[in-house]
Amino acid sequence: MFNSAFLKITFEFDGTWQAILYILCGLGIFLFGINMMGSSLKKIAGNKMKLIIERSTSTPLKGMIVGFVVTMLTQSASGTSALAVGLVASGLMSFSQSLGILLGANIGGTVLTIILAAFSNLKIMPIVSVILVFVGAFIYFFVQKEKIKQYGSVILGFGMIFLGLAFIDMSFEYIMTEHAEVINDIFEGLSKIPFVGIIIGVLFTIIVQSSSATIGIVQSLYATSTISLYGSLAIMLGANVGTTITAVITSLGSSRAAKKVALANVLIKLFGVILFGIMYRWAFYPLINVINKAWFGDSNNPMIIALAHLFFNVVNSLIILLLLKPLVKITEKIIKDKEEDTILDQLLDYSLIQKSPSLALTFAKKSLIYMADNCKEYINVTVDFVFNGDERDIKKGEEYERTINALDKRIHDYLIKLTIKGLDDDASSKLSKYLDAIKDLERVGDHCTNITDFFKDRFNKGMHLSTDGTQDLNQIFEALQNMMQITINAIDKWDAEISVEGLTIEDEIDKMEEVFYERHTHRVSSGVCSYENAEHYLETLSNVERMGDHLTNILEGIKDVEYCKNAEFDH
């Protein structure tokens, strides 16, 4: 009754073509609603989702749970699969860890269709959609607090999902009324050939990039008796394969490991659809039909499509969980391992920034640690060259310098692209500190180059360090190397106490520089060392002291951020 009134108020159909336009409009509203709701849920989940993924993927079963939870939060199985591709491409997750995520995402993607079926059964989808759209829009446009605005976006998106389905449902109802005989003939043929239904489900889902949209429409068609249960289940199976295209597209241009994830995702779905396709006539459809008759009688209840969707993904995921090793072998045989992409290459892939800014920030931190590790190795190579004069260390140092300079630019560009993603205050503060840190690390590399150049010149002129000079340089270099390692640990843990430990070493380096300066001046004045020998030695001490200053900047940044945070918490 309400549906008819709503139809008359909302639509004044001039014909079938206008009804088709309303179907397309409804599909657009539906997809926009899913995107809005998913994006807002991701922002609300924020760091919680990041922590769940980072800490809970050590086993495939845990990965399944994580994939299910993340898909529940984002309401997009294809989005979670694409996120897994991005995580592997960025080196934040191994290929084997990602498989559990994919299996859980497949199960989590069934939740929305169950919710849609439940509301459809209550026959209140049109009025619910109008109320949700109004409430969500009111909150989003008139509430100033950002987090509440995000909740408003979730409500608005949810309402638009229902509104889009209401458009589609009522438009199909009109078309069925006007062209019942033709449509029945078309779908009667479809019902007899499940393979055709599977192909339709695959193609339509590839086009709309959402299995939820495809299955939601199938539920509406089934509820209006436009299509039989036999044909509906076939299209549902096809939709499960079609949804894998998002992860495939995401993997293009990414690392080989990321391509493996996308391929594994396709293989998982294909395996399930082939298995259920083989059993379709004699096992799958009869089982679902028996359940349908027992629970819903003769009514065309769309809930049975949602439950069949859940059944398919749960059974398929549990079977694949037992076959993970063969799946890994098959995937690795198709996409053979080569030398993994370096972080330099991964920093050119900005897809993770779009899917999950908080995880992209974690990758930026990993890149920063990688840059700091290169600085540490450059310091070690420089120290070796100072004491041994091996020209092979010069080439090693030049390679480290090129890598550090390239990382400086690429991490900087990566972080700049992250600044426009609306991070929370804590994440924005870290991003700012990361930007400062890469400048300081780049300067550390420059000072290593300076010292190498000093000693190249010394060796070319046949100059050698005195015993006392060697001991002094060895002591100050050792302190610098310790401070570099502590800085790496502080960045990794983002810990104020570790920072303080490093800052005490910087004080020692400053004192050493002063004392060793005086000692060398005394050696020169007493004739132990020549005046020509003095300049490079003193410049070396000065460069070591400046490296300590740059590391101090990084440590102070970490200490200040953590102390301020703790002070705010205590307050």
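V143 is not listed as a side-chain neighbour of F138, based on a closest heavy-atom distance of 4.5 Å or more. In this structure the side chain of L347 reaches within 4.5 angstrom of the side chain of I411, judged on heavy atoms. Using a 4.5 Å cut-off on side-chain heavy atoms (C-beta onward), I291 and F311 make no contact. You'll find the side chain of L327 reaches within 4.5 Å of the side chain of I320, heavy atoms only. At least one side-chain heavy atom of N292 sits less than 4.5 Å from a side-chain heavy atom of L229. I278 has its side chain out of reach of L275: every pair of non-hydrogen atoms, C-beta onward, lies at least 4.5 Å apart. When side chains are defined from C-beta on, Y230 does not count as touching N289, because their heavy atoms never get closer than 4.5 Å. With a 4.5 Å cut-off on side-chain heavy atoms, I155 and Y140 do not count as touching.
Distance alone, capped at 3.5 Å, is enough to place a donor-acceptor pair between the S317 side chain and the L103 backbone. In this structure, S220 contributes its side chain and G216 its backbone to a donor-acceptor pair below 3.5 Å.
T214 and T205 form a side-chain donor-acceptor contact under 3.5 Å, judged by distance and modelled atom types alone.
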Requested in this report: Show your reasoning for whether side chain to side chain contact (heavy atoms under 4.5 Å, CB included) applies to F195 and Y280.
Outcome: CA-CA 10 Å; F195 178 74; Y280 197 87; over 6 Å; no

Requested in this report: Decide side chain to side chain contact (heavy atoms under 4.5 Å, CB included) for D426 and K430; before the verdict, give the C-alpha distance in whole Å, the side-chain angles of both, and the deciding distance to 0.1 Å.
Outcome: CA-CA 6 Å; D426 181 48; K430 284 184 178 177; 4.1 Å; yes

Requested in this report: Report the C-alpha distance between Q219 and T113 in whole Å, list the side-chain angles of each, state the deciding distance to 0.1 Å, and finish with yes or no for side chain to side chain contact (heavy atoms under 4.5 Å, CB included).
Outcome: CA-CA 9 Å; Q219 286 174 315; T113 57; 4.1 Å; yes

Requested in this report: Assess whether side chain to side chain contact (heavy atoms under 4.5 Å, CB included) is satisfied between V315 and F276, documenting all intermediate values.
Outcome: CA-CA 10 Å; V315 171; F276 277 69; 4.0 Å; yes

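The nearest pair of heavy atoms linking S232 to I305 is CB-CD1, 3.5 Å. Closest approach of I29 to G164, counting heavy atoms only: CG2-N, 3.8 Å. In plain terms, the two heavy atoms of D298 and K293 that are nearest each other are OD1-NZ, 3.8 Å. Residue V261 comes nearest to L102 through the heavy atom pair O-CD1, 3.7 Å, listed as atom of the first residue, atom of the second, then distance. Residues R281 and P194 approach most closely at NH2-CD, 3.8 Å, considering heavy atoms. The shortest non-hydrogen separation linking K260 to T331 is O-CG2, 3.5 Å.
The aromatic ring centroids of F312 and F284 lie 6.0 Å or more from each other.
With sequence neighbours left out, the side-chain hydrogen bond (donor to acceptor under 3.5 Å, both in side chains) criterion links S98 to no other residue.
To the nearest 0.5 Å, atom CD1 of residue I114 and atom CD1 of residue I215 are 10.5 Å apart. Taking OG from S367 and OH from Y434, the interatomic distance works out to 10.5 Å, rounded to the nearest 0.5 Å. Expressed to the nearest 0.5 Å, how far CE of M303 lies from CD1 of I115 amounts to 9.5 Å. Distance CD1/I206 to OG1/T244: 7.0 Å, rounded to 0.5 Å. Between atom CD1 of residue I107 and atom CE of residue M64 there is a gap of 3.5 Å, rounded to the nearest 0.5 Å. The CD1 atom of I304 sits 7.0 Å away from the CH2 atom of W295 when rounded to the nearest 0.5 Å.
Under the 30°/60° scheme for interplanar angles, the aromatic rings of F363 and Y414 are found to stand perpendicular.
Y350 OH: more than 12 foreign heavy atoms inside a 6.0 Å radius.
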Under 3.5 Å, sequence neighbours excluded: what are the donor-acceptor pairs made by side chains of residues 233-241?
| unit_1 | atom_1 | unit_2 | atom_2 | d |
| --- | --- | --- | --- | --- |
| N240 | OD1 | K269 | NZ | 3.0 |
| N240 | OD1 | H309 | NE2 | 3.4 |
| N240 | OD1 | N313 | ND2 | 3.1 |
| N240 | ND2 | M236 | O | 2.8 |

